[in-house]
Structures are given as C-alpha cells and as structure tokens.
Amino acid sequence: MTNTKKFKAVMTEKGMTLAKLSEETGISVASLSYKVNNHRQFSAREISTIQAVLGLTATERDAIFFAGEVE
C-alpha cells in the first residue's frame with residue numbers, strides 16, 4: 001500500500017508535480033494518480049524508476065511504497 005501523504009510530501013519537497021513526474025518516468029498522469037491514491041498498485045519497475053527520479057533512499061522508498069497501514 002502506498003503512503004499517499006508521504007509520497008505527496010516528498011514530491012512537494014522536491015518541487016515535483018504529477019505532470020512532471022509523469023514526463024520523467026513515462027507513466028501517464030492518470031496511472032500515477034490512481035496508484036498514488038491506492039486504486040492500483042505500482043510495479044517494481046515503476047517504484048525503482050520513481051525512486052531514481054525523486055532521489056529516494058531505500059528507507060524513504062520503503063516508507064512510501066511498502067506501508068502496511070496508512071492514516
């Protein structure tokens with residue numbers, strides 16, 4: 001499960017919008033939106049690509065994409 005709050009906070013911190021992330025990852029804005037909001041799941045490849053684009057550490061990646069439960 002994706003921790004939407006953390007994902008959006010990191011994007012804001014990095015000055016990234018969904019449109020810009022879409023451009024840099026090749027994932028459509030619609031797909032990103034569905035996945036960020038837990039309507040679909042990210043693939044391992046997508047997570048790896050997003051981690052590289054956003055410069056996430058392994059700890060940050062895990063906190064965002066592998067959250068057991070989110071508020």
Side-chain angles (χ1 to χ4, degrees):
M1 177 175 282
T2 301
N3 186 322
T4 302
K5 284 184 181 181
K6 284 187 182 182
F7 191 95
K8 289 181 178 180
V10 168
M11 284 183 52
T12 299
E13 178 184 305
K14 307 275 182 170
M16 187 72 63
T17 63
L18 277 182
K20 189 171 178 183
L21 186 61
S22 172
E23 275 183 38
E24 295 197 28
T25 61
I27 305 167
S28 74
V29 173
S31 287
L32 280 172
S33 181
Y34 274 107
K35 292 174 182 193
V36 167
N37 292 297
N38 289 302
H39 297 289
R40 295 189 187 141
Q41 294 202 1
F42 284 99
S43 70
R45 180 175 291 202
E46 291 169 334
I47 292 170
S48 179
T49 301
I50 292 168
Q51 180 182 6
V53 169
L54 294 178
L56 302 175
T57 65
T59 302
E60 289 171 321
R61 176 205 60 211
D62 292 350
I64 292 170
F65 296 104
F66 302 109
E69 292 184 26
V70 292
E71 299 174 16

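Quick caveat: nothing in here was measured; it's all calculated off a predicted structure.
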Salt bridge (Lys or Arg N to Asp or Glu O under 4.0 Å) pairs, two or more places apart, involving residues 25-54: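 Residue pairs with at least one partner in residues 25-54: Lys35-Glu46.
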Residue pairs, two or more places apart or on separate chains, that pass salt bridge (Lys or Arg N to Asp or Glu O under 4.0 Å) and touch residues 13-27: none
Members sharing Tyr34's hydrophobic cluster (side chains within less than 4.5 Å): none
Nearest heavy atoms of Ala19 and Val29, plus distance in Å: CA-CG2, 3.9 Å
Residue pair Thr2 / Val36: nearest heavy atoms and the distance that separates them: CG2-O, 4.0 Å
Residue pairs, two or more places apart or on separate chains, that pass ring-ring contact (aromatic ring centres under 6.0 Å, His included) and touch residues 9-30: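 Non-adjacent pairs meeting ring-ring contact (aromatic ring centres under 6.0 Å, His included): zero.
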Leu18 and Met11: CA distance, side-chain angles, deciding distance, side-chain contact (heavy atoms from CB on, under 4.5 Å) verdict: CA-CA 8 Å; Leu18 277 182; Met11 284 183 52; 3.9 Å; yes
Point-to-point distance, once rounded to the nearest 0.5 Å, from CD1 of Ile47 to OG1 of Thr25: 12.5 Å
Any residue meeting side-chain contact (heavy atoms from CB on, under 4.5 Å) with Asn37, in chain and number order, not counting sequence neighbours: Thr4, Lys8, Ser33, His39
Glu60: side-chain contact (heavy atoms from CB on, under 4.5 Å) partners, not counting sequence neighbours: Leu56, Thr57
Single-linkage hydrophobic cluster, 4.5 Å side-chain cutoff, Phe66 and Met1 together: no
Any side-chain heavy-atom pair of Leu32 and Ile50 under 4.5 Å: yes
Audit row: Phe7, Leu21, side-chain contact (heavy atoms from CB on, under 4.5 Å) steps and yes/no: CA-CA 12 Å; Phe7 191 95; Leu21 186 61; 3.8 Å; yes
Ser31: side chain to side chain donor-acceptor pair (under 3.5 Å) partners, not counting sequence neighbours: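 Here the qualifying residues are Ser28.
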